[in-house]
Participant: 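Structure below; questions to follow.
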Amino acid sequence: MSAEPDHTPSTTSTPLAPAPGAPAELLARLRTSARAERWVVAFEREWTAALEESRRTFSLAGLYAVVQDWQGRVAHASAVDAFITSGYDDSDAIDMAELRGRRR
């Protein structure tokens with residue numbers, strides 16, 4: 001008999017848990033950002049929807065995903081701004097939805 005588990009838990013379906021204060025810290029950062037007018041409203045809308053889903057499903061995965069998505073947006077905002085102001089032409093970009101459709 002082996003002491004190894006017969007399965008490996010999947011971490012791809014459930015995001016890693018953010019720090020307990022991460023949502024409040026994130027909201028504070030959003031409120032002081034240049035995009036506060038749009039981003040605070042959008043974050044609160046997504047957070048409220050994830051909170052309702054969490055209450056129905058007893059899963060925190062949706063809340064974790066909202067925090068991680070917004071942390072990514074905040075972290076990459078300056079790079080996006082730099083790209084937009086640099087005048088780079090992205091007209092040759094590939095639509096990811098189209099690309100995913102080709103693989104199926």
Side-chain angles (χ1 to χ4, degrees):
M1 184 169 185
S2 172
E4 296 293 318
D6 61 349
H7 70 283
T8 305
S10 173
T11 58
T12 57
S13 62
T14 304
L16 298 176
E25 292 170 10
L26 180 58
L27 186 56
R29 285 185 69 187
L30 292 174
R31 286 184 173 143
T32 61
S33 76
R35 297 174 174 90
E37 186 176 307
R38 291 173 293 150
W39 279 16
V40 170
V41 173
F43 173 79
E44 288 175 341
R45 182 178 51 242
E46 289 181 29
W47 182 258
T48 300
L51 191 58
E52 288 302 317
E53 177 188 341
S54 177
R55 288 179 179 145
R56 283 192 324 272
T57 63
F58 297 100
S59 171
L60 299 175
L63 295 170
Y64 296 167
V66 169
V67 170
Q68 288 181 337
D69 287 348
W70 279 96
Q71 285 172 333
R73 288 179 183 141
V74 169
H76 294 96
S78 61
V80 171
D81 289 341
F83 179 80
I84 290 170
T85 59
S86 69
Y88 281 101
D89 178 19
D90 67 346
S91 61
D92 63 343
I94 297 173
D95 181 11
M96 292 305 292
E98 180 183 329
L99 184 63
R100 280 188 226 114
R102 289 182 195 168
R103 295 192 319 184
R104 291 181 184 173

Participant: Looking at every heavy atom in both A50 and V66, which two are closest together, and how far apart are they?
Facilitator: CB-CG2, 3.7 Å

Participant: How many angstroms lie between OH in Y64 and CG in D69, if you round to the nearest 0.5 Å?
Facilitator: 15.0 Å

Participant: Would you mind checking if R55 and E52 are paired as a salt bridge, meaning a charged N to carboxylate O distance below 4.0 Å?
Facilitator: yes

Participant: Please answer whether the main-chain N or O of S54 pairs with a side-chain N or O of S59 as donor and acceptor at a distance below 3.5 Å.
Facilitator: no

Participant: What do you reckon, is CZ of R29 surrounded by more than 12 foreign heavy atoms closer than 6.0 Å?
Facilitator: no

Participant: Could you check whether any side-chain heavy atom of R73 comes within less than 4.5 Å of a side-chain heavy atom of L26, counting everything from C-beta outward?
Facilitator: no

Participant: If I take atom CG from residue L63 and atom CD from residue Q68, how far apart are they, to the nearest 0.5 angstrom?
Facilitator: 11.5 Å

Participant: On a heavy-atom basis, which atom in P18 and which in A22 lie closest, and how many Å separate them?
Facilitator: CB-CB, 3.8 Å

Participant: Nearest 0.5 angstrom please: Q71 CD to L30 CG, how far?
Facilitator: 10.0 Å

Participant: Just how far is it from atom NE2 of H76 to atom CZ of F83, taken to the nearest 0.5 Å?
Facilitator: 14.0 Å

Participant: Any heavy-atom pair between the side chains of W70 and L27 that's under 4.5 Å?
Facilitator: no

Participant: Closest approach of P23 and W47, non-hydrogen atoms and distance?
Facilitator: CG-CH2, 3.6 Å

Participant: Show the nearest heavy-atom pair for residues A36 and R31, with the distance to one decimal.
Facilitator: CB-O, 3.5 Å

Participant: If the condition is side chain to side chain contact (heavy atoms under 4.5 Å, CB included), which residues does E25 pass it with, not counting sequence neighbours?
Facilitator: none

